[in-house]
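The shown structure was predicted, so the numbers you read here are calculated from the model rather than taken from an experiment.
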Amino acid sequence: QVQLVESGGGLVQAGGSLRLSCAASGRTFSRNAMGWFRQAPGKEREFVADISWSGISTYYADYADSVKGRFTISIDNAKNTVYLQMNSLKPEDTAVYYCASTQTRRRVGVRDDYEYWGQGTQVTVSS
C-alpha cells in the first residue's frame, strides 16, 4: 500500500501564501509522478499541478492555467515529499487540496490515472 498524507493547509487572507506538503510512505519506490488536485464545494475535483522525473536531475512540472505563475510544485531528493508553494492566493483558490501519486504511466491531470490519494487538507482564502 501507498499512503499519502497532506499537511500545511489553513486560513489565509487574499494575497497571502501557504506551502502544502505531501508525505509518501509504503511502496513508493517505483512511483513515477505526484500531483495536486483540489475540490471546492459543489465542484468536481480539478487538476492543480503535477511533477514527474527522469534520470537523476531532470524534472517536469505542469500546472493548471488558473495557478500558473502563482503556484510551484517541487519534490525532495528522496522523492518522499512533494510540496505545493502557493503565492498570491485568491478566494477562488479555496478548496480541499489532495495529493496524488501513480506508479504507472499517466496522463497529466487525469484523475483516474493517479492510483493513490491523500485525505486532503483544507485551504481557505478570505477576501
Side-chain angles (χ1 to χ4, degrees):
Q1 296 289 337
V2 174
Q3 184 177 5
L4 305 175
V5 180
E6 303 97 333
S7 62
L11 173 65
V12 298
Q13 293 183 332
S17 299
L18 282 175
R19 191 190 194 198
L20 305 183
S21 298
C22 173
S25 61
R27 298 185 69 256
T28 61
F29 64 92
S30 61
R31 65 183 178 272
N32 298 312
M34 300 186 72
W36 289 95
F37 292 74
R38 67 187 182 186
Q39 187 167 19
K43 297 184 178 180
E44 295 184 352
R45 191 170 300 185
E46 66 177 4
F47 168 71
V48 176
D50 175 277
I51 188 166
S52 60
W53 45 92
S54 177
I56 302 300
S57 60
T58 302
Y59 296 87
Y60 309 91
D62 293 277
Y63 301 92
D65 288 341
S66 60
V67 306
K68 285 182 178 177
R70 300 188 298 121
F71 291 9
T72 302
I73 189 170
S74 61
I75 194 165
D76 67 346
N77 291 334
K79 298 181 177 60
N80 292 325
T81 305
V82 65
Y83 305 93
L84 185 68
Q85 179 66 47
M86 305 184 294
N87 298 327
S88 302
L89 284 163
K90 305 174 181 179
E92 51 263 44
D93 294 319
T94 295
V96 176
Y97 283 71
Y98 297 90
C99 176
S101 72
T102 181
Q103 297 182 3
T104 62
R105 297 175 65 182
R106 93 287 180 232
R107 295 163 291 178
V108 174
V110 178
R111 290 169 293 177
D112 290 347
D113 286 0
Y114 295 78
E115 299 172 308
Y116 305 101
W117 294 84
Q119 82 289 344
T121 185
Q122 177 71 47
V123 172
T124 303
V125 184
S126 62
S127 60

Exercise for the section: Give, for atom CD of Gln13 and atom OG of Ser127, the distance between the pair rounded to the nearest 0.5 Å. Expected result: 9.5 Å

Handout entry: Spacing of CD belonging to Glu46 relative to OH belonging to Tyr98, to within rounding of 0.5 Å
Key = 12.5 Å

Practice task
Without swapping roles, check the side chain of Arg111 against the backbone of Arg45 for a donor-acceptor pair under 3.5 Å.
Solution key: yes

Problem - Check: Asp62 side chain, Ala49 main-chain N or O, donor-acceptor pair, under 3.5 Å - result: no

Problem - Worked check of side-chain contact (heavy atoms from CB on, under 4.5 Å) between Glu6 and Tyr97 - result: CA-CA 8 Å; Glu6 303 97 333; Tyr97 283 71; over 6 Å; no

Practice task
Indicate the atoms forming the closest heavy-atom contact of Ala24 with Leu4, along with that distance.
Solution key: CB-CD2, 3.6 Å

Handout entry: Partner set under side-chain hydrogen bond (donor to acceptor under 3.5 Å, both in side chains) for Asn77, not counting sequence neighbours
Key = none

Problem - Check against side-chain contact (heavy atoms from CB on, under 4.5 Å), Gln122 and Thr94 - result: CA-CA 8 Å; Gln122 177 71 47; Thr94 295; 4.0 Å; yes

Practice task
Please name the residue in the list Asp113, Asp50, Asp112 that meets the salt bridge (Lys or Arg N to Asp or Glu O under 4.0 Å) test with Arg106.
Solution key: Asp50

Handout entry: SB check Lys68 Asp65 (cutoff 4.0 Å)
Key = yes

Exercise for the section: Using a 4.5 Å cut-off on heavy atoms from C-beta on, say whether the side chain of Met86 contacts that of Val67. Expected result: no

Exercise for the section: Look at the side-chain heavy atoms of Ile, Leu, Val, Met, Phe, Trp and Tyr, link any pair under 4.5 Å apart, and say whether Leu84 and Val12 land in one connected group. Expected result: yes

Handout entry: From Arg107 atom CZ to Tyr114 atom OH, the distance as rounded to the nearest 0.5 Å
Key = 10.5 Å

